[in-house]
Each structure stands twice: as C-alpha cells, then as structure tokens.
Amino acid sequence: MYIIFLGAPEAGKGTQAANVAHQLNLVHSATGDMFRQAVEQGTELGMQVKSYMEKGVLVPDELTIHMVLERMSAPDCQPGVILDGFPRNIKQAEALDEALARQAKAIDVVVYIKVSEEEILRRLSGRWICRQCQTPYHSQNSPPRVWGKCDQCGGELYQRPDDTVEIIKKRLQVYFAQTAPLISYYTQAGKLLEVDGEGGVDEVGRRVILALRGVVTR
Ligand code: AP5
Ligand code: MG
Ligand code: ZN
C-alpha cells in the first residue's frame, strides 16, 4: 500500500499521515522530518539542505529523490509506505512512479488535504514540533499534555525556523508553482482523493479514514 499525503504547508499532512501510518502499521516517511533530523544531527546531508529549508525553497531533486528511494528500499518499507511531503513536483512524481514500476508496484492513492490560506496563517504561529520524533502540536488546536514536552517521547518542543510570516509566503509561492500541479497529475491518473482539511484534527482524521476506506480494503 503506497499512500501519498499532498497539501499546502500547514495543511495537516504530518498530523494525518502519522495517524494513518499507525492504523495501517506502515512506515511514515516525511521528507521534511528527515531533512530536519539531518540538520539537527549535523550530517553531511543536513549541511547540504539547511540553506534551502531556511529560505523555504525546495531541496534539489537529486538529493531528495535519492534519500526517499533509499528509505523506501529498506525492509520495513516493503509492505508499503505513507509518504508525507514527497513528491513535491512533477519530476519527483515521475521518479517515484518509475522506481515503483521497476518493482511492478504503483501508488495506490493520493490524499489531497485542502485548506484555505487564511487557515494556513492561523495555524502557523501556534505550531510546535518535537526535536526528537518530529510530532507536530499546536498551542490551541492540539496542545501536548505537558507544555513544552512531546506526548510520544518526552522530547523538547520547538518552533520551526521556517514557520515565520515571511518564510511562509515563500513556501506558499513554491507550493503553488511546483507542488499544486501534482493535483492534476494524480487526478489524471485517477488516484486523487480530496479531503476538506478544515475543522478539528479528529474531524479531519475521520474524513481521511472514510475517504481511504474503499481503497484500503480493496
Ligand atoms: P515540510 O516539513 O514537508 O513542510 P510543509 O510541506 O511546508 O508542510 P508542513 O510540515 O509545514 O505542514 P503539514 O501539512 O505537515 O502540517 P502539520 O500536520 O504539521 O518541508 C519543509 C522543507 O523541507 C521544505 O520547505 C523544503 O525545503 C524541504 N522539503 C521537504 N520535502 C521536500 C521535497 N519532497 N522536495 C524538496 N524539498 C523538500 O500541521 C500544521 C499545524 O496545524 C500543526 O501545529 C498542527 O498541530 C495543526 N493542525 C493540524 N491539523 C489541524 C486541524 N485539522 N485543525 C487545526 N489545527 C491543525
Ligand atoms: Mg509536515
Ligand atoms: Zn517526540
């Protein structure tokens, strides 16, 4: 089972992808989380990607595609993967389709979480994420049980340096120019499921599960 979560910055991809991965017992592969972990650990990859992330632009395709395909080739990804934040442009989508086709596999479905720009800006300032496991929280919408600490692993919560009003403008520009064309790409492939991403975390979660029901049991 290969499921992609597609949507604008702050749409709730990470929140919903983690839930679906947990329910289906599949690996949740989030490119943004992997890059942030590499930056935190000061690895060579981290040093290569830091400046792109700080500016809110995409990391070069070669680095991104290589990292994702390598992760997907690991044994724990053989039953399938929940992809969050990848693919992010047509070139990445084609590379993914080709890599899966070489193993006689294919993307099953793409969950497109749709939110308005006003909602994106409302969510922006309240997001806190775990330094260790990257779980996202929101000071009002989904606060941790203990302020400043991750419910899952006890890690420290921090605010992403790209979650500023200035950088989100760039991230949105990049999203509309490079990522939004994937909506037609996957619609044409008959794989797109659109889900209204506004409403509480649980409410959107129920919509996602309902939308996936027919596909997952197929
Ligand atoms: P990435 O980390 O993927 O960021 P993004 O796409 O901008 O998406 P976000 O993580 O900001 O939002 P999300 O949809 O996951 O929302 P979340 O669930 O956290 O990418 C960061 C950078 O890495 C890029 O700019 C680029 O440089 C690089 N990169 C990553 N992938 C790449 C690729 N494939 N190619 C090249 N470069 C790449 O929710 C947001 C907030 O809202 C949280 O606070 C959450 O608690 C809250 N919330 C969630 N759902 C709800 C709800 N229903 N109601 C109210 N609040 C909610
Ligand atoms: Mg995310
Ligand atoms: Zn954590």
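Owing to the predicted nature of the structure, the values given are computational and were not obtained by experimental measurement. Atoms within a ligand are numbered from 1 in the order they appear, just like the ligands themselves. Numbers for residues simply follow the sequence, beginning at 1.
- Between Val204 and ligand 1, no N or O atom pair is found at a separation short of 3.5 Å.
- Residue Ala11 has at least one nitrogen or oxygen atom sitting less than 3.5 Å from a nitrogen or oxygen atom of ligand 1, judged on distance alone.
- Considering backbone and side-chain N/O of Phe86, none are found under 3.5 Å from N/O of ligand 1.
- Among Met53, Met67, Arg88, Gln92, the residue whose heavy atom sits closest to atom 20 (O) of ligand 1 is Arg88.
- With hydrogens left out, the protein atom closest to atom 42 (O) of ligand 1 is Arg123 CD, 3.3 Å, a heavy atom.
- Compare Ile120, Asp202, Thr15 by their heavy atoms: the one nearest to atom 45 (C) of ligand 1 is in Thr15.
- Taking only nitrogen or oxygen atoms, main chain and side chain alike, Asp33 does not reach within less than 3.5 Å of ligand 1.
- For atom 47 (C) of ligand 1, the candidate residues are His138, Arg127, Arg36; the nearest heavy-atom contact is made by His138.
- The distance criterion of under 3.5 Å between nitrogen or oxygen atoms is not met by Trp128 with respect to ligand 1.
- Between Glu119 and Arg123 a salt bridge is recorded (basic side-chain N to carboxylate O distance below 4.0 Å).
- Atom-to-atom distance recorded for Arg122:CZ and Asn141:CG is 9.5 Å, nearest 0.5 angstrom.
- Ligand 1 has no N or O atom lying under 3.5 Å from any N or O atom of Asp162, backbone or side chain.
- Among the atoms of Val59, some N or O lies under 3.5 angstrom from an N or O of ligand 1.
- Looking at Gln16 next to ligand 1, no N or O pair under 3.5 Å apart turns up.
- At a 3.5 angstrom cut-off on N or O pairs, Leu58 does not count as close to ligand 1.
- Between Arg171 and ligand 1, an N or O atom pair is found at a separation short of 3.5 Å.
- For atom 26 (C) of ligand 1, the candidate residues are Val57, Asp61, Thr135, Asp84; the nearest heavy-atom contact is made by Val57.
- Shortest contact from atom 12 (O) of ligand 1 to any protein heavy atom: Glu10 N, 2.9 Å.
- With rounding to the nearest 0.5 angstrom, the CD1 atom of Ile3 is 12.0 Å from the CG atom of Asp84.
- Screening residues 174-196 for side chain to side chain donor-acceptor pair (under 3.5 Å) gives Asp97-Tyr185 as the qualifying pairs, with residues at least two apart or on separate chains.
- Here the heavy atom of the protein found nearest to atom 55 (C) of ligand 1 is Asn141 ND2, 3.0 Å.
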